[in-house]
J.: 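Take this structure, written in structure tokens, and hold onto it; I'll ask about it next.
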Amino acid sequence: MGIDSDLTAVLQSLHPSHGHAGLIGADPKLCVQALRVDGIAVSATTDGGLSELLWSTAGASAWLEDLQFTLGEGPALEVAASCTPVLVADLSSLPADRWPALSPEATALGVGALFCFPLSVGSACLGTLTLQRMAPGPLPDSAAADAWIVANALTALLLESGPHQDAFATGADSSDFYRAAVHQASGMVSVQADVSLAQALLRLRAHAYRHGRPVVEVAEDVVARRLTFHNEENGPDIPAGEGTEGP
């Protein structure tokens with residue numbers, strides 16, 4: 001049985017057209033339709049625990065990527081570390097200690113099942129492809145096979161040389177990537193608090209989680225100097241009249 005027309009259209013349009021700002025050109029909604037799921041997200045991974053959301057459908061999938069990045073747990077992080085797929089047919093059946101912070105948040109978004117595939121070359125994981133469905137249940141074999149086809153095509157795309165790929169690979173501050181502010185803020189917090197980049201990212205995540213905010217928003221406050229992390233004992237410092245927290 002050949003590849004269906006929707007999947008063919010996705011594969012043919014993965015390369016961004018001239019003038020397209022992102023790394024991936026296809027319509028994620030068409031990919032969702034082809035794979036018979038409710039949402040999709042693709043993130044690239046880098047050293048130091050950082051990742052970059054490259055492509056997603058709006059709503060639950062985009063929120064899930066932000067939640068995983070903020071909380072530091074979830075299928076995409078496990079896949080990035082192990083370079084093996086994580087397939088959760090029923091989120092409600094997971095042990096409570098698997099993703100203690102993420103699971104209730106995902107359930108509140110109405111997510112019933114999560115399927116995450118590596119974008120890998122050998123044992124190196126370049127990124128993740130995460131599919132989500134509202135209804136619990138296993139991913140059919142045919143849909144899983146199609147997801148691997150998409151994952152392999154995305155891996156090939158990430159390996160190509162081009163201005164956007166080169167900007168992401170070098171972590172260029174001038175790039176327009178979704179989490180560019182987080183990369184920049186991690187460096188600033190590292191200097192402010194005299195900690196490693198990994199510890200700086202953990203502090204950003206912890207602050208975002210405590211205050212119920214996306215880590216990208218917290219990072220933007222750091223970059224704009226509305227929030228600093230000089231004082232380890234008392235937590236981040238917020239210039240008077242500029243912070244986002246209450247008194």
Side-chain angles (χ1 to χ4, degrees), residues 23-24 28 31-32 37-120 125-134 136 139 147 150-151 154 158 168 177-183 185-186 197-220:
L23 271 76
I24 303 170
C31 194
V32 161
V37 292
D38 294 318
I40 186 171
V42 174
S43 289
T45 59
T46 67
D47 293 337
L50 296 175
S51 68
E52 178 63 39
L53 177 61
L54 301 179
W55 191 58
S56 74
T57 48
S61 287
W63 272 107
L64 274 173
E65 290 298 296
D66 269 347
L67 283 168
Q68 291 184 83
F69 189 74
T70 298
L71 300 172
E73 64 181 41
L77 279 80
E78 291 187 2
V79 170
S82 67
C83 215
T84 57
V86 170
L87 309 177
V88 180
D90 187 352
L91 195 59
S92 66
S93 69
L94 278 184
D97 60 353
R98 177 75 176 272
W99 303 325
L102 179 71
S103 291
E105 297 280 358
T107 299
L109 289 172
V111 176
L114 284 167
F115 312 102
C116 190
F117 298 83
L119 311 183
S120 59
C125 186
L126 307 181
T128 56
L129 165 67
T130 304
L131 314 176
Q132 60 88 7
R133 263 204 337 244
M134 297 304 187
L139 191 66
V150 173
L154 288 165
L158 290 181
F168 179 75
F177 290 111
Y178 180 65
R179 294 195 177 110
V182 178
H183 294 251
S186 294
L197 285 172
Q199 290 174 320
L201 178 59
L202 286 174
R203 293 191 183 196
L204 286 172
R205 283 172 165 162
H207 182 82
Y209 181 64
R210 283 199 306 270
H211 297 283
R213 303 178 62 205
V215 72
V216 173
E217 288 185 4
V218 173
E220 288 170 348

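The first residue in the sequence is number 1, and the count goes up from there. It should be emphasised that the depicted structure is a prediction, and the values quoted were computed from it without experimental measurement.
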J.: Testing the basics here: between Thr57 and Gly39, what is the closest heavy-atom pair and its distance to 0.1 Å?
T.: OG1-CA, 3.4 Å
J.: In Å, rounded to the nearest 0.5 Å, how long is the span from CD1 of Ile24 to CG of Leu158?
T.: 6.5 Å
J.: How many angstroms lie between CG in Leu129 and CZ in Phe115, if you round to the nearest 0.5 Å?
T.: 12.0 Å
J.: Run the numbers on Leu119 and Thr45 for side chain to side chain contact (heavy atoms under 4.5 Å, CB included), then give the verdict.
T.: CA-CA 10 Å; Leu119 311 183; Thr45 59; over 6 Å; no
J.: Between CG of Leu53 and CD of Gln68, what distance do you get to the nearest 0.5 Å?
T.: 10.5 Å
J.: Which residues satisfy the side chain to side chain contact (heavy atoms under 4.5 Å, CB included) test with Ala206, sequence neighbours excluded?
T.: Arg210
J.: Once rounded to the nearest 0.5 Å, what's the spacing between atom CZ of Arg203 and atom NE2 of His207?
T.: 13.0 Å
J.: For Val215, does its backbone N or O pair with a side-chain atom of Thr70 as donor and acceptor, under 3.5 Å?
T.: yes
J.: Looking at Thr84, is its backbone amide N or carbonyl O close enough to the side chain of Ser82 to form a donor-acceptor pair, meaning the two atoms are under 3.5 Å apart?
T.: yes
J.: Consider side-chain contact (heavy atoms from CB on, under 4.5 Å). Of Leu139, Val32, Leu91, Val111, which one does Arg133 pass it with?
T.: Leu139
J.: Mind listing the closest non-hydrogen atom pair of Leu131 and Ala147 along with its distance?
T.: CD1-CB, 4.0 Å
J.: Can you sort out the partners of Glu217 under salt bridge (Lys or Arg N to Asp or Glu O under 4.0 Å), two or more places apart, ordered by chain and number?
T.: Arg213
J.: Considering all heavy atoms of both residues, which atom of Ala113 and which atom of Pro136 are nearest to each other, and what is their separation?
T.: CB-CA, 4.2 Å
J.: Between Ser92 and Thr107, is the side chain to side chain contact (heavy atoms under 4.5 Å, CB included) condition met? List the steps.
T.: CA-CA 8 Å; Ser92 66; Thr107 299; 5.8 Å; no
J.: Quick check for you: to the nearest 0.5 Å, what is the distance between Leu54 atom CG and Ser43 atom OG?
T.: 6.0 Å
J.: One pair to check against side chain to side chain contact (heavy atoms under 4.5 Å, CB included): Leu201 and Phe69. What are the steps and the verdict?
T.: CA-CA 10 Å; Leu201 178 59; Phe69 189 74; 4.2 Å; yes
J.: On a heavy-atom basis, which atom in Cys116 and which in Thr130 lie closest, and how many Å separate them?
T.: SG-OG1, 3.2 Å
J.: For the residue pair Ala60 and Gln132, what are the closest heavy atoms and their distance?
T.: CB-NE2, 3.8 Å
J.: Counting C-beta onward and ignoring hydrogens, is there a side-chain heavy-atom pair between Pro118 and Pro85 closer than 4.5 Å?
T.: yes
J.: So, Ser56 side chain and Ala41 main chain: donor-acceptor pair closer than 3.5 Å or not?
T.: no
J.: Identify, with sequence neighbours excluded, every residue that meets side chain to side chain contact (heavy atoms under 4.5 Å, CB included) alongside Val86.
T.: Pro75, Glu78, Val79, Val88, Arg98, Trp99
J.: So, the side chain of Asp66 versus the backbone of Pro214: is there a donor-acceptor pair under 3.5 Å, distance only?
T.: no
J.: Quick one: closest heavy-atom pair of Ala200 and Ser186, and the distance?
T.: CB-O, 3.3 Å
J.: Take Glu220 and Val216 through the side chain to side chain contact (heavy atoms under 4.5 Å, CB included) test and state the conclusion after the steps.
T.: CA-CA 6 Å; Glu220 288 170 348; Val216 173; 3.8 Å; yes
J.: Would you compute the distance between atom CG of Leu154 and atom CZ of Phe117 and round it to the nearest 0.5 angstrom?
T.: 12.0 Å
